A.B. asks: 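Input: one structure, supplied below.
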Amino acid sequence: MGLKSYFHLKQVGHNFRQNWPTQLMSLLTVTLSVLIFSFFLLIYLNVVNIGARLGDELRLVVYLDNEVEPALQPLISSKISTYAKADKILFVSRAEAFIRLQKQLEKEKDLLTDLGPEFLPPSIEVYPEKSFRNFTRLKEFSDFLATLPGAQKVQYGQEWLERFGYFTELLRVIVVLSGALLVLATGFMVSCTIRLTVVAKESELEILRLVGASNRYIQAPLFFEGILQGVLGSSLGLTLLYAIFIWTRTHLGGSTFLNQLEYTFLPFSVTAMIIGGTTLLCAWGSLLSIRKHMRI
Amino acid sequence: MGLKSYFHLKQVGHNFRQNWPTQLMSLLTVTLSVLIFSFFLLIYLNVVNIGARLGDELRLVVYLDNEVEPALQPLISSKISTYAKADKILFVSRAEAFIRLQKQLEKEKDLLTDLGPEFLPPSIEVYPEKSFRNFTRLKEFSDFLATLPGAQKVQYGQEWLERFGYFTELLRVIVVLSGALLVLATGFMVSCTIRLTVVAKESELEILRLVGASNRYIQAPLFFEGILQGVLGSSLGLTLLYAIFIWTRTHLGGSTFLNQLEYTFLPFSVTAMIIGGTTLLCAWGSLLSIRKHMRI
Amino acid sequence: MLKLFPDDRPLVDIVKATKVYPPDIVAVQNISLAVAKGELLFLTGMSGAGKTTLLKLICAIEQPTKGVIEVGGRDLAKTGSAEIQQLRQEIGVVYQDFKLLPKLNAAQNIAMPMEVAYRDQREINSRVDELLAILKMTHKREIQTGKLSRGEQQRVAIARAAANSPALLLADEPTGNLDQDSANLVMDLFEQLNREGTTLIIASHDESLYRNSDYRRVQLEHGLFTNHSSPRQLPLINQ
Amino acid sequence: MLKLFPDDRPLVDIVKATKVYPPDIVAVQNISLAVAKGELLFLTGMSGAGKTTLLKLICAIEQPTKGVIEVGGRDLAKTGSAEIQQLRQEIGVVYQDFKLLPKLNAAQNIAMPMEVAYRDQREINSRVDELLAILKMTHKREIQTGKLSRGEQQRVAIARAAANSPALLLADEPTGNLDQDSANLVMDLFEQLNREGTTLIIASHDESLYRNSDYRRVQLEHGLFTNHSSPRQLPLINQ
Ligand SMILES: Nc1ncnc2c1ncn2[C@@H]1O[C@H](COP(=O)(O)OP(=O)(O)OP(=O)(O)O)[C@@H](O)[C@H]1O
Ligand SMILES: Nc1ncnc2c1ncn2[C@@H]1O[C@H](COP(=O)(O)OP(=O)(O)OP(=O)(O)O)[C@@H](O)[C@H]1O
Ligand SMILES: [Mg+2]
Ligand SMILES: [Mg+2]
C-alpha cells in the first residue's frame, strides 16, 4: 500500500510536469466557476437581506374622517385581519399624530404654533405580515382598506415603494439572467477543459490499459488530482471573492445608507460547503471523464 | 479562381462533416460571448439612460425667512452661479408656494381653507447643471446654499437621492464585476475552443504542409469558416438577447413607473457593429490560431 | 512468473475463431490454433491476411465474432475486466505501430509495464538498463521516443514488451524497421526469453528470421490457414 | 511535369551537409551527395545511421546545421516558404511513419497532393483508381486508413507519394510492413515511375529490393558515407 501510494503520488507529480498547461487550465476553470457561482450567491443573499430590512419599515396608513372609539378598535382590527394577517395594527388619534409631527419638525416647531391637533386627521397604521410585502398584493390590500368605514385615503409610500420595487425587480432579473448566462459559460468551460484533458491523456490511458494497468493504478492519481484541484481552485475562488467583497465595501463606504445596511459575506458553513462540494465534483468529474477508457 | 473557390468551399463542407462537434462548440462560444457582451452593454446603456432621466427632476430648494425682493434676485443668482453653474434658478414666493400646494392637494383642498399663504416659507429652487449631479458635490453645494443670507434650510430629496444613488452605484458595481468575470470566462472559453480546434486540425495541417499546400489553400477555408461562424454566432447571440429583452419588458410590464421609463434595445448601428466586429475577430482568430503551423 | 498459467494445457488455444469487422470485413475465418507453453511460433502471411487481428484476439484488444479464445486456460470472453488487466501484465506485446508515448523517454516507456505491476524501483532500473544494453540502445536511454529514429523506436517497443519477462510475448512485425544486425539482436533477445520460459508468437514477413531455424510456422491467407500450416499439432519442446 | 527543374545539373545536390539535433546528436555529418535527374538511388545503413534525416533535409522538413542542400538548382536555405510549398508539390515522400489521416479513407488520402495542386476532379479520381489497382488495394478504396492493416496503410502512403507523378520521390523504408509479393508490386510501381522520368531515392534495409539490380547504392554509417559508396559519381542514365 505504501509502495502503491508512492507510485500514485509520483504519477501526480509526473502528470503535472507533463501537462501543466492543461492542469493549470483546469485549475483556472475551477477557480473561475467557483468565483462566479459564489459571487452571484453573495449578491443574491445580500439582496434578500436588504429587501427584508427595508420591508420592516413597511406600513399602510389609513387616514380617517373621525377617530375610532376605543371600544370599536378590536372590531376593526379583526375585520382587517380577516383580509390579511398583520403583524401590528396601531390606532393613531389626532393628538398622537400632532405629537409625532412636533417631534419630526423639532427645530421648526414654531411653524406649528398656530395650529392645533384638530388640523391633522386620525389614522390606523397597519404593519402587514412578511408574506404580504409584495407590490401587487399591497395594492389590493390598500384598496380593501379604503373600503373601511370613515376611511379617507390610504397611503403606503406608493412612489418610493414602486421605485424600490422596480430596482429590486430589475436587480433580480439581472442577477438571474447573468447567473443563467454564467452557468452556461461555466458548464461550457468545464466541458471544454475536460475534453482538453481527455485529449491530452487519451493515448497515455490507452497504452496504460494495454500494458495491464489496473483501474486503481489509472484512477488513483486522477482522483488525487481532482481533489487537489477542487480544494485549491475553490479556495482560490473564494479568496478572490472575499477580496472583491472587501474592495466593494470600502469603495461604496461613502454612503451612510450603505453602512447602515451592513453587507454580509457568505457564512462559514456555506464557504465550507462550496469547498467540499467543488472538491467532490472535481474528483468525481476527473474519474467520470475517463470512464469510457476504463472499458477494456 | 472558380475552381479554387470550389476546392475551398468543398473543404469547408468537408471540415464541418469531419469536426462538427468542435465546430458547433466554436459556434456556441461565439454565440455565448456575443450574448454576454451585448447583455451587459444593454444593461449599461439603460442604466445610463435611466440615470439621465431621473437626474432631470433634480433640484435644490432653499427655504428662506423672507421673500427675496425682485431687485436682489439677479445678485443672488450670480452669487450662486459663481459657486456652480445652474441650468435654472427659480424664486418662489409665499403666494406661489400656496398655489402649488393647492394644486398638489386638489381633492383635499378644504384642509387648507383655514390657512393662508403666510404659513408657507418662500424659497429659491436651483436646478444644477448635469455635471453637478453627483452625490457628494450636491452635498457641498447644499452646504454652500445654506450660507445664503436668510436661508433656513436646504432640501434636495436627500433620502430618496441617497437610496437611488445607492442602488445605481450597487448596480454599477455588479454590472462591472459580472462583466469582468464574464470577460474572463469568455476569454477562457475562446482560448479553450481555439486549442480544441487546433488540436483537432493539427495533424491535418501538418500533412497538408508536407504535400505542398499553399498558405492560401490552407487558410481560405478557415477564413470562410471564421466568417460563417462570426456571422451566425453573433446573429444568434443578438437574437437571443432580443428575446430576453422582450421577455423582460413583458415580465416587468406591470409597474407604471417602469413603462414610463421606456427601455431601449441596442440601436441598429451598435448591432451592426457587433456583428461586423465579431465576424472580423473570428476570421482573424481562426487564421491566427494556425499561424505557427504556417511556418514551413 | 508463470504461476498464472497451468502447465498441462496449451498456453494459447484458439478454437474456430472468426473476426468480422463492421460492416462485413472478414479478417480471420474459423481459425483454430494451439500454442504450447514455451513454444516459439512464427505467424506469416501476406499484408492484410489477418496476422494483427489474430494477435489482437489473443490479448483481448478485439473480441472474436465467433469461436473461443483461451489464454492460460481462461476463456477470454468470460473473463472480467480486472482479470484481463491482470492477464495483460503477463503478456508482452510489440505493436506493429509501437504505441509508445512520444513525450516519455526510452527508459520511461520501457519501465511502464513494470510500474503498472508495482515493481520495485531498483529492479525496474536494472531491468531497463539490461534491455537497453542487449538492444544496443543505452546511449538513447534519456531521449524522448518521439525523437528517436523509427528503428530505435521499434527496439524500445520490443524492450517494453520484454520488460516484465512475460509468460507470453506477441511480436507484430518486430523487425520491419530494422537492419539485419539489429534484427539479429532482437532475435537473440527473443530466443533468450524463450529459453527462460517465455512463449512467443512472432508475426513477420521477414524470411531471414525463420529461414535457418526449425521453429513451427503457420501461414495465414485471407484469414485462413494455408494447407501446409499445422495449427493444432503441438511440437515437443524442451521444458 | 519536370518544368520546375533544369536538365543540365543534378536534381539533388548535397554539399558537406551536417545535421546536429539538439543538444548534440549528430545525425548526418559532412555529407556530399549528387543525384542525377532520372536516377534511382538506394540509401542503406543501420538503424539510426541518418537515412531519414537525410531525406528530411532534401524535402526541407529539417534545415542543415552546416552545408548546402540544392534541389532542382535551388538552394533550399534561400528559398522562401511559398516556393518551398511549390517545390513540395513536385516531391512525393513516403514517410517512414506514413503520416496518413486516419479519419479519411484511402482514396481521400491519396488525392490530397493532387487537390492541393488544384487538379481536375476527374483526373484525380482516375489517378487514384489507377494507383489503387497497381497496388492491389482497390477493394479498400472507401475504408478509413485508420482501419487498414499496417501494410495496407503503407501502400496508401506509397500511392499518395506517387499521385502527382512527382519529379522526385523519396521513399523511407517503403516495404517495412510488406510481404514479398506486395513489395514487388511497389518496386514495379517505382520502376515504372522511374521510366516516366521520376527521380527516386529509396531508403531501405530490405536487401531483396536491390540485390539483383544494378541501381546505385550509397550506405550511411553513423551519419557518414562508408568507403564503398560513390556519392558524387553520377551514373549514366537513359534519359
Ligand atoms: N528530432 C530528433 N531529435 C533528436 N535526435 C534525433 C531526432 N531525429 C533523429 N534523431 C537521431 O538522429 C539519428 C539518425 O536518425 P534517423 O531517423 O535519420 O535514422 P535512420 O537512419 O532513419 O534510422 P531508422 O532506420 O531507424 O529509421 C538517430 O540517432 C536518432 O536518434
Ligand atoms: N478496425 C478495422 N476495421 C475494419 N477492417 C479492419 C480493421 N482492422 C483490420 N481490418 C481489415 O482486416 C484485414 C486483416 O487485417 P490485419 O491488420 O489483421 O492484417 P495483417 O495480416 O496484420 O496485415 P499487415 O501485414 O499489413 O499488417 C485487412 O483487410 C484489414 O483491412
Ligand atoms: Mg499487421
Ligand atoms: Mg528512418
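On a predicted model such as this, the values are computed, not experimentally measured, just so you know. By convention in this document, chain letters (A, B, ...) are assigned in the order of the sequence lines, proteins followed by strands, and residues within each chain are numbered from 1.
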A.B. asks: Measure distances from D:Gln96 to the heavy atoms of chain C and classify the residue's part below 4.5 Å as side chain, backbone, both or neither.
C.D. replies: both
A.B. asks: Measure the CG-CD distance between D:Asp179 and C:Gln219 for me, rounded to the nearest 0.5 Å.
C.D. replies: 9.5 Å
A.B. asks: To the closest 0.5 Å, what do you measure between CG (C:Asp172) and CZ (D:Arg150)?
C.D. replies: 10.0 Å
A.B. asks: Report the distance from atom CG of D:Asp206 to atom CG of C:Asp206, rounding to the nearest 0.5 Å.
C.D. replies: 8.0 Å
A.B. asks: I need the residue from C:Arg155, C:Gln180, C:Glu207 with the largest number of non-hydrogen atom pairs under 4.5 Å to chain D.
C.D. replies: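 Ranked by heavy-atom pairs under 4.5 Å with chain D, first place is C:Arg155.
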A.B. asks: Counting only non-hydrogen atoms closer than 4.5 Å, does C:Leu148 touch chain D with its backbone (N, CA, C, O), its side chain (CB onward), both, or neither?
C.D. replies: neither
A.B. asks: D:Asn177 and C:His205: which non-hydrogen atoms are nearest, and at how many Å?
C.D. replies: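 Heavy atoms only, the tightest pair is O-NE2, 3.1 Å.
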A.B. asks: C:Lys140 and D:Ile25: side chain to side chain contact (heavy atoms under 4.5 Å, CB included), yes or no, with the steps?
C.D. replies: CA-CA 10 Å; C:Lys140 298 290 180 189; D:Ile25 299 164; 3.8 Å; yes
A.B. asks: Please classify the contact of C:Ser182 with chain D as side chain, backbone, both or neither, using a heavy-atom distance under 4.5 Å.
C.D. replies: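 Contact with chain D involves the side chain of C:Ser182 alone.
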A.B. asks: Drop me the distance from C:Met46's CE to D:Lys136's NZ, to the nearest 0.5 angstrom.
C.D. replies: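 So the gap between those two atoms works out to 7.0 Å.
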A.B. asks: Might you confirm whether atom NE2 of D:His222 has over 12 heavy atoms from other residues, nucleotides or ligands at distances under 6.0 Å?
C.D. replies: no
A.B. asks: For C:Asp97, which atoms come within 4.5 Å of any heavy atom of chain D: side chain, backbone, both, or neither?
C.D. replies: both
A.B. asks: Just give me the residue among D:Ser204, D:Gly48, D:Ser208 that pairs up with chain C most often, heavy atom to heavy atom, under 4.5 Å.
C.D. replies: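 Result: the option with the highest number of such pairs is D:Gly48.
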A.B. asks: Name the region of C:Ser149, side chain, backbone, both or neither, that has any atom closer than 4.5 Å to a heavy atom of chain D.
C.D. replies: side chain
A.B. asks: Between C:Glu173 and chain D, which part of the residue has a heavy atom less than 4.5 Å away: side chain, backbone, both or neither?
C.D. replies: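 C:Glu173 touches chain D through side-chain heavy atoms alone.
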